[in-house]
Amino acid sequence: RAADADECSPKWKEENDYLCRPYEHDDTDINNSKLHIQGTKEQLTRIQELITAVCQEHGTPDNELGLNVPLDVLIYKLAGCDEYRGNVQSMTLENEVLTLDVEHEKNADEALKYALAKSFGSLSIKIVKS
């Protein structure tokens, strides 16, 4: 979906306002992972642009701890599913590998991997749990 995504309509924003709630957790519910994504320069740029756009609209772009990008909104834009909670906390592009630091509820790292692969095709994604 996001590979060719248009701006979200006002109706979508109104109907899905609940997506933009902060990810609240206790220490037993939280997991951290790094996703190392390899793909074409165009794919990696589009992923970065998507994350930046979601952060600007629904997250906190200039947090002292880094980004705060709601994972449910990002996965919804990629694959139409809004059941996974968490935050993308940073993204770094180095040596043609885009690395995302993600704070998430259990198994949400696999959901983000699936959503990215579904939207962007031939990505190579490696998950390293922190």
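Hydrogens, waters and symmetry mates play no part in the numbers below; they use all other heavy atoms, side chains included.
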Any idea which heavy atoms bring [X] and [Y] closest together, and the distance?
X: L35; Y: K113; result: CD2-N, 4.2 Å
X: Q48; Y: L98; result: CG-CD1, 3.8 Å
X: L44; Y: E96; result: CD1-O, 3.7 Å
X: K118; Y: A79; result: CD-CB, 4.1 Å
X: I75; Y: A115; result: CG2-CB, 4.1 Å

*Please assess I37 against T99 for the test side chain to side chain contact (heavy atoms under 4.5 Å, CB included), listing each intermediate value before the final yes or no.*
CA-CA 6 Å; I37 306 164; T99 301; over 6 Å; no

Interatomic distance, [X] atom [atom1] to [Y] atom [atom2] [nearest 0.5 angstrom]:
X: E110; Y: Y84; atom1: CD; atom2: OH; value: 9.5 Å
X: Q38; Y: K126; atom1: CD; atom2: NZ; value: 9.5 Å
X: H58; Y: N68; atom1: NE2; atom2: CG; value: 12.5 Å
X: L71; Y: H104; atom1: CG; atom2: NE2; value: 8.0 Å
X: K77; Y: E57; atom1: NZ; atom2: CD; value: 5.5 Å
X: L50; Y: C55; atom1: CG; atom2: SG; value: 11.0 Å

*Hey, are the side chains of N87 and V69 touching, using non-hydrogen atoms and a 4.5 Å cut-off?*
no

*H36 versus V128: any side-chain heavy-atom pair under 4.5 Å?*
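Yes; the side chains approach each other to less than 4.5 Å.
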
Would you say [X]'s side chain and [Y]'s backbone share a donor-acceptor pair under 3.5 angstrom?
X: E105; Y: R85; value: yes
X: S33; Y: V102; value: no
X: Q43; Y: F120; value: yes

*Indicate, with yes or no, if I127 and L100 share a hydrophobic cluster defined by side-chain heavy-atom contacts under 4.5 Å among Ile, Leu, Val, Met, Phe, Trp and Tyr.*
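Yes, it is one cluster - the side chains of L100 and I127 are joined through contacts under 4.5 Å.
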
*Is there a path of hydrophobic side-chain contacts, each under 4.5 Å between heavy atoms of I, L, V, M, F, W or Y residues, that connects L74 with L93?*
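Yes, L74 connects to L93 through the hydrophobic network.
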
*Show the numbers, then the answer: is there a side chain to side chain contact (heavy atoms under 4.5 Å, CB included) between L112 and L78?*
CA-CA 9 Å; L112 181 55; L78 289 165; 4.0 Å; yes

*Walk me through it: do L123 and I47 pass the test side chain to side chain contact (heavy atoms under 4.5 Å, CB included)?*
CA-CA 11 Å; L123 296 175; I47 293 168; 3.8 Å; yes

*Going by atom types alone, do Q89 and D101 pair a side-chain donor with an acceptor below 3.5 Å?*
no

